[in-house]
Amino acid sequence: GNRSSDGRVPIEPQTIDAPLTRHAVFLVLTVAPGSDSLDAVRSVLSDVDGLVKTVGFRDLGASFTCTVGIGAAIWPGLAGLPLPRELHEFTTIAGARHTAPSTPGDLLFHIRSDRQDLRYEFERLLLEALGEAVAVEDETIGFRYLDTRDLLGFVDGTANPVGDHLPESTLVGEEDLAAAGGSYVVVQKYLHPLASWQALTTEQQEAIIGRRKADNVELDDADSGQKAHKTLATIVDDAGVEHDILRDNMPFGSPGTATFGTYFIGYSRELWVIERMLERMFIGDPPGLHDRLLDFSEAVTGTVFFAPSAEALSNLGSPPPPPPPAPATRPVSSTPEASPPSDESDPPEAGTG
Ligand code: HEM
């Protein structure tokens with residue numbers, strides 16, 4: 001059974017649940033050292049919704065959205081908010097055969113649009129505004145392929161949560177109030193040796209993925225013990241509760257340069273769920289029986305971000321709210337002379353930075 005809706009907090013998230021579009025860009029940046037860069041980034045991020053309107057309004061039918069993710073290394077200096085409880089950098093996962101590397105990235109812009117020119121225009125204005133404060137680590141331009149297939153030829157995204165289950169699976173709730181309405185985001189760029197994949201029979205490919213290629217129907221795992229990708233990526237906790245994530249994978253590449261890839265992006269309320277999926281894929285379940293999809297998919301990047309709520313993002317530029325005023329009267333004590341002296345002249349505690 002799936003989790004109940006307990007624990008949701010009514011805070012406006014970013015547009016994480018936006019529909020899959022025809023085009024998407026995954027833009028990963030690092031922030032230059034120094035507080036000037038952080039100030040510049042903070043001011044651009046706090047007005048990113050304005051920039052989305054500037055571009056998106058040109059064609060409201062194009063489903064233009066942009067989700068911003070922030071990495072653990074710059075979170076404290078940039079956000080001035082407590083670190084979301086599970087946020088840390090991507091942990092390299094080394095299986096016997098395949099490794100999921102951890103690669104740099106302080107900021108993620110997940111840009112979705114049905115029009116290629118709008119995503120171009122937005123990126124142009126965004127990078128112009130950020131200027132020298134950032135360096136581009138990776139820019140991957142994805143496209144919808146046929147009926148939402150990956151370049152391996154399979155329909156990708158079917159098992160995504162829908163309805164109420166979507167915010168329940170993707171948005172932090174009352175378990176971490178300071179981060180409520182936000183979402184953990186993991187990205188990985190994968191390259192496919194397409195010729196060797198195509199050398200498999202359709203039945204072999206279907207066994208690896210766990211669905212039929214033509215009509216997308218789910219298949220049972222083999223008796224051999226080798227689990228399909230869809231099974232290794234299914235996480236059920238000790239209480240029998242299934243933990244889902246939202247995937248917005250996009251194909252990318254070009255036949256002219258023999259580049260064929262899948263950009264994986266997963267949004268989750270709980271980072272451990274995606275980490276568990278990766279462990280099951282790369283190390284295997286049981287260990288040794290890794291996900292055969294990885295024999296045809298090389299992970300070349302891996303980065304973790306947190307996409308704060310829309311409110312937290314737009315407040316990034318504002319000074320932190322003042323501390324609550326001290327109570328006007330001290331608790332009444334029978335011997336007021338004996339109460340400890342007031343500490344009002346002490347400086348506030350410095351942040352840990
Ligand atoms: C399912 C492709 C990487 C998590 C699927 C499906 C396909 C697919 C075709 C079956 C249809 C569907 O439900 O979407 C790929 C490709 C990848 C990739 C081409 C990269 C080369 C990953 C990674 C994760 C992941 C890295 C997680 C860390 C999932 C999940 C499901 C799934 C959760 C649904 C399982 C279920 O049936 O409940 N993937 N995937 N995938 N994949 Fe992947």
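First listed ligand is number 1; within each ligand, the first listed atom is number 1. Below, all heavy atoms of this structure are taken into account, side chains as well, without hydrogens, waters or symmetry copies.
- Partner D285 forms a side-chain hydrogen bond (donor to acceptor under 3.5 Å, both in side chains) with one of H290, Q226, R280 and no other, that one being R280.
- The pair E206-R211 does not meet the salt-bridge criterion, since no charged nitrogen lies less than 4.0 angstrom from a carboxylate oxygen.
- Counting heavy-atom neighbours within 6.0 Å of R144 CZ, excluding the residue itself, gives a total above 12.
- When only non-hydrogen protein atoms are considered, atom 37 (O) of ligand 1 lies nearest to A159 CB, 3.5 Å.
- Comparing Y263, F264, F154 by heavy-atom distance to atom 25 (C) of ligand 1, the nearest is F264.
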Practice problem: Step by step, work out the ring pair (Phe, Tyr, Trp, His ring centres under 6.0 Å) result for F122 and F64. | Solution: CA-CA 10 Å; F122 180 84; F64 184 88; 5.2 Å; yes

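- Seen from the ring of F252, K189 counts as a face-on cation partner, given the 6.0 Å and 45° thresholds.
- When I235, T158, L191 are ranked by how near their heavy atoms come to atom 12 (C) of ligand 1, first place goes to T158.
- Closest of all the heavy-atom pairs between D248 and Y267 is OD2-CE1, 3.9 Å.
- Residue-level proximity to ligand 1 for I209 is carried by the side chain, the only part with a heavy atom below 4.0 angstrom.
- Taking every heavy atom of M277 and a limit of under 4.0 angstrom, the matching atoms of ligand 1 come to 27 (C), 28 (C), 33 (C).
- Within a 6.0 Å sphere centred on CG of D147, other residues, nucleotides and ligands contribute more than 12 heavy atoms.
- Within the 4.0 Å heavy-atom cutoff, V155 counts among the residues contacting ligand 1.
- Residue S297 touches ligand 1 through its side chain alone, judged by heavy-atom distances below 4.0 Å.
- Ring geometry for F306 against Y184 counts as perpendicular: the plane angle is over 60°, on a 0 to 90° scale with 30° as the lower cut.
- The nearest protein atom to atom 20 (C) of ligand 1, hydrogens excluded, is given as Y190 CD1, 3.7 Å; this is a heavy-atom distance.
- The closest heavy-atom contact to atom 15 (C) of ligand 1, among the options R211, M281, H229, H192, comes from H229.
- Residue-ligand proximity: G266 is placed with every non-hydrogen atom at 4.0 Å or more from ligand 1.
- Proximity to D156 (heavy-atom distance under 4.0 Å) selects the following atoms of ligand 1: 2 (C), 7 (C), 8 (C), 14 (O), 15 (C), 39 (N).
- At the shortest separation from atom 16 (C) of ligand 1 among protein heavy atoms lies L293 CD2, 3.8 Å.
- Interface atoms of ligand 1 facing T234, defined by a heavy-atom separation under 4.0 Å, are 35 (C), 36 (C), 38 (O).
- Taking each of R149, K230, R247 in turn, the one with a heavy atom nearest to atom 5 (C) of ligand 1 proves to be R247.
- Close approach of ligand 1 to L278 is summarised as follows: ligand atoms under 4.0 Å from at least one heavy atom of the residue are 26 (C), 28 (C).
- Per-residue contacts place Q188 under 4.0 angstrom from the following atoms of ligand 1 (heavy atoms of the residue considered): 26 (C).
- Annotation: atom 14 (O) of ligand 1 to nearest protein heavy atom, G157 N, 2.5 Å.
- Looking at heavy atoms from C-beta onward, D114 lies out of side-chain contact with H23 at the 4.5 angstrom threshold.
- If you check the side chains of H88 and E275, you find a donor sitting under 3.5 Å from an acceptor.
- Considering backbone and side-chain N/O atoms, I245 never comes within less than 3.5 Å of an N/O atom of ligand 1.
- Among protein heavy atoms, atom 33 (C) of ligand 1 sits closest to A233 O, 3.2 Å.
- The shortest heavy-atom distance from N160 to ligand 1 is not under 4.0 Å.
- Under the 4.5 Å side-chain heavy-atom criterion for Ile, Leu, Val, Met, Phe, Trp and Tyr, V185 and L45 are members of distinct hydrophobic clusters.
- At most 12 heavy atoms of other shown residues, nucleotides or ligands fall within 6.0 angstrom of atom CZ in R276.
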